[in-house]
4 protein chains.
Amino acid sequence: MKDRDSRRSDIMDCAKELFALKGYHNTSINDIIAKAQIARGTFYLYFDSKRSVFFEIIDSAVEQILSGLRPVKTGPNIGMDSILSQLRINLSHAMSPMFNDIYLAKLVSSQAESLDTGATEKVTAFYRNIIDWLEESLDEGQELSIVRPLNSRITAVALVGMLKGIIWSYAIGGEMLDFHELVEELTANVTRGIMVKE
Amino acid sequence: MKDRDSRRSDIMDCAKELFALKGYHNTSINDIIAKAQIARGTFYLYFDSKRSVFFEIIDSAVEQILSGLRPVKTGPNIGMDSILSQLRINLSHAMSPMFNDIYLAKLVSSQAESLDTGATEKVTAFYRNIIDWLEESLDEGQELSIVRPLNSRITAVALVGMLKGIIWSYAIGGEMLDFHELVEELTANVTRGIMVKE
Amino acid sequence: MKDRDSRRSDIMDCAKELFALKGYHNTSINDIIAKAQIARGTFYLYFDSKRSVFFEIIDSAVEQILSGLRPVKTGPNIGMDSILSQLRINLSHAMSPMFNDIYLAKLVSSQAESLDTGATEKVTAFYRNIIDWLEESLDEGQELSIVRPLNSRITAVALVGMLKGIIWSYAIGGEMLDFHELVEELTANVTRGIMVKE
Amino acid sequence: MKDRDSRRSDIMDCAKELFALKGYHNTSINDIIAKAQIARGTFYLYFDSKRSVFFEIIDSAVEQILSGLRPVKTGPNIGMDSILSQLRINLSHAMSPMFNDIYLAKLVSSQAESLDTGATEKVTAFYRNIIDWLEESLDEGQELSIVRPLNSRITAVALVGMLKGIIWSYAIGGEMLDFHELVEELTANVTRGIMVKE
DNA sequence: GATGAATGAGCTTTCATTCAT
DNA sequence: AATGAATGAAAGCTCATTCAT
């Protein structure tokens, strides 16, 4: 059982790297088995199809990303600083898998939606989940008078887009950003905006 | 010449819609000619290859998007309101092609990077251009003390990601947003942030 | 009628050159009409098909080659010198069309048999005619004790092959041979062989 | 390894026969796999392309033909009979592959130059090699006073043409010649010519 | 007569998947 | 469990020919 699992993840890792670098359609089973150094038939002992490895990779990425998120505790007794700090932590947790694994970053930022309707919906659902959660958080924040009056849907969508943009930039450019600085900048932009105080 | 051009755009429109809905790789020449109601050979009378229609579609989208952008006039004599107004106009111009053509939105937000290295680079270059331009603008804004001290690269990347996120959301969800409200919200979020004033 | 014929031969000339240089299958109707500067449909006003131009070209070449041949007059009163001289003249006449038109040479020596069974048989029949005629001549020569005892079929085949080889060499190499010398050499080789007299 | 090789030659044999009978361009992959009773993909497991089977067939034919040739030993001590005998042996070796395999004969005599420039040059080079070698031999023969004064280039070209003619005749007609008689006749024609001794 | 846009049968090639060993 | 030879559906593309103008 141990062996089987480790071979499975070998194959998944190889596939992930290839999908990330060349894209789903430009990666053939040939490429995968060559990189994983297994026989053609062996691949199909571990996975039903090319499609299914891809799905598993995406699923595991989603899980990894979501696993670090914790609900933000708010309430009359919770100060602004605590809330900001919780946001920073969530932000770090959500993004670090991608910054620790550039193939994951590449995959998430450019290949995830290129397979077919089923795959697109999977990814869409993932992002929608995050957006919905964020929207609710923003609504809650408005009730608590932490967040200014705004269209929370638009803002949630924009914020998730922002994060995707950051990941994309990292995936494409490979420029290693100072993660701490990145989180600070994003938090500051989101909370205060970019203009000087009037 | 009239006829030839209209045939061409017919084919391009059909291809665009299919690429947008099913993705580049899941759209076959068969699909395109069936939708355009032309014969196999006719397609190749107007385009060199499947790849080349795709490229033309992308190129024309990029041109459409960029064509509405005007440099933001700044300077000691230019007030904040004028600058914000110029930004709003640019924002509207850049985004309206996508909101007027949901297939374009779908294409731009999810299919553009799935073809191959050449195509990816084309799209990457497009976004980088915008990001670079935005970065410079932010730097300029800082010098003029309009923009607060910040990491202009990260911010530029985040802002472009925000826009992509908005487009993506529209493309996926199809929910028609009030365009005017959208622009207002984005501008407000970017300039003021989401928090209540302290 | 005059115009029609001249356009016909224009097209044939263009086609001949292209077939000679690129081969039948690598020459497209496109190539032919581009070279002849006519429209696609016009081609089909003058010829039924690509195949049929090719056939006409071959037919006309065959006719050109055969038209110069005259039966060799032999008999008790005809001396060896006269016979040799008649052979030289026939040889010159048969070969000169090819040496005057290198495209014809190329066509005859390398493209003639590449079309299909029908075309192959046409060309085969042509060569067989010549071989048959030569065989009979050799038989006659043997009866008249001009030609030594030999297998006239094999010899006829070999002699025609020799001529084809010469044409081929010219077509491929383009080296212009002194036609007179060529005829002399061939005649000498055939009549006397290549060895020194013992 | 055994199996793989035999599959390969099966396919090559089928392809050779089809190319010989119908020509390169009139033979489709369909034809080949139907004859070889394999699936479409199987063909490409063994060969890169249709073109490449053709090239392998030609290459192997050339090798087969050349492999039997041995340099003719000449010199003051070597008598005419020995030289003639060496020539006969070379002639037999060069021609026997074709007489043992009529498809090879057909291929060599009529299809070899119909593919494209690359293929034509391959075949041209092969013939030129033989011609060059023959030319040098004739020059050497002249120096040794075995061969009479003659234009060795023209003669070499003519001799090779003669052989091609013989092969062609066999390929087309299929008439089985007595190989021994054939060699004798050719040798006699070349050495003595066809005329009675004066 | 002349045109050239349109046609579609047919081509070579790819590659995810199967299955006998 | 592991292998890799075999499969065949389906892809992109070409080009000789037709026919409305």
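Throughout, a chain's letter reflects where its sequence line sits, starting with A, and its residues are numbered from 1.
Scanning for salt bridge (Lys or Arg N to Asp or Glu O under 4.0 Å) contacts around D:D13 gives an empty result, with sequence neighbours left out. Under the salt bridge (Lys or Arg N to Asp or Glu O under 4.0 Å) criterion, B:D10 pairs with no residue at all, not counting sequence neighbours. Every residue was checked against the side-chain contact (heavy atoms from CB on, under 4.5 Å) condition with A:S9, not counting sequence neighbours, and none meets it. Applying the side-chain contact (heavy atoms from CB on, under 4.5 Å) test to D:L45 and every residue at least two apart in sequence or in another chain returns nothing.
Remark on DNA chain E: of its neighbouring residues A:S49 and D:R51, the 5'-side contact belongs to D:R51, judged by nearest-heavy-atom nucleotide. Comparing B:S28 and C:I29 by the nucleotide of DNA chain F whose heavy atom lies nearest to each, the residue mapping closer to the 5' end is B:S28.
For C:F54 and F:dA16, the CZ to P distance is 14 Å, given to the nearest whole Å. Rounded to a whole Å, the CD1 atom of A:I33 is 18 Å from the P atom of F:dA1. Put simply, NE2 on A:H25 is 17 Å from P on E:dT14, counting in whole angstrom units.
The structure places CD1 of A:I32 at 5.0 Å from CZ of A:F43, a figure rounded to the nearest 0.5 Å. Between the NZ atom of A:K164 and the CH2 atom of B:W168 there is a distance of 5.0 Å, given to the nearest 0.5 Å.
Judged by the 6.0 Å and 45° rule, C:K50 forms a cation-pi pair with C:Y24.
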Would you tabulate the nitrogen or oxygen pairs shorter than 3.5 Å linking the protein to nucleotides 2-5 of chain F?
{"from": "F:dA2", "atom 1": "OP2", "to": "A:Y46", "atom 2": "OH", "distance (Å)": "2.9"}
{"from": "F:dT3", "atom 1": "OP2", "to": "A:A39", "atom 2": "N", "distance (Å)": "3.4"}
{"from": "F:dT3", "atom 1": "OP2", "to": "A:T42", "atom 2": "OG1", "distance (Å)": "2.7"}
{"from": "F:dG4", "atom 1": "N7", "to": "A:G41", "atom 2": "N", "distance (Å)": "2.8"}
{"from": "F:dG4", "atom 1": "O6", "to": "A:G41", "atom 2": "N", "distance (Å)": "3.3"}

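Residue contacts shown for A:S52 are absent, as no nucleic acid heavy atom lies under 4.0 Å away.
Among all heavy-atom pairs drawn from C:I58 and C:V123, the shortest one is CG2-CG2, 4.3 Å.
Between F:dC13 and B:Y44, a contact under 4.0 Å exists linking OP1 or OP2 to a side-chain N or O.
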Quiz item: Using Watson-Crick and G-U wobble pairs with both distances under 3.5 Å, what is the 5'-to-3' dot-bracket string of DNA chain F, with [ ] for crossing pairs and | for pairs outside the strand?
Solution: .||||||||||||||||||||

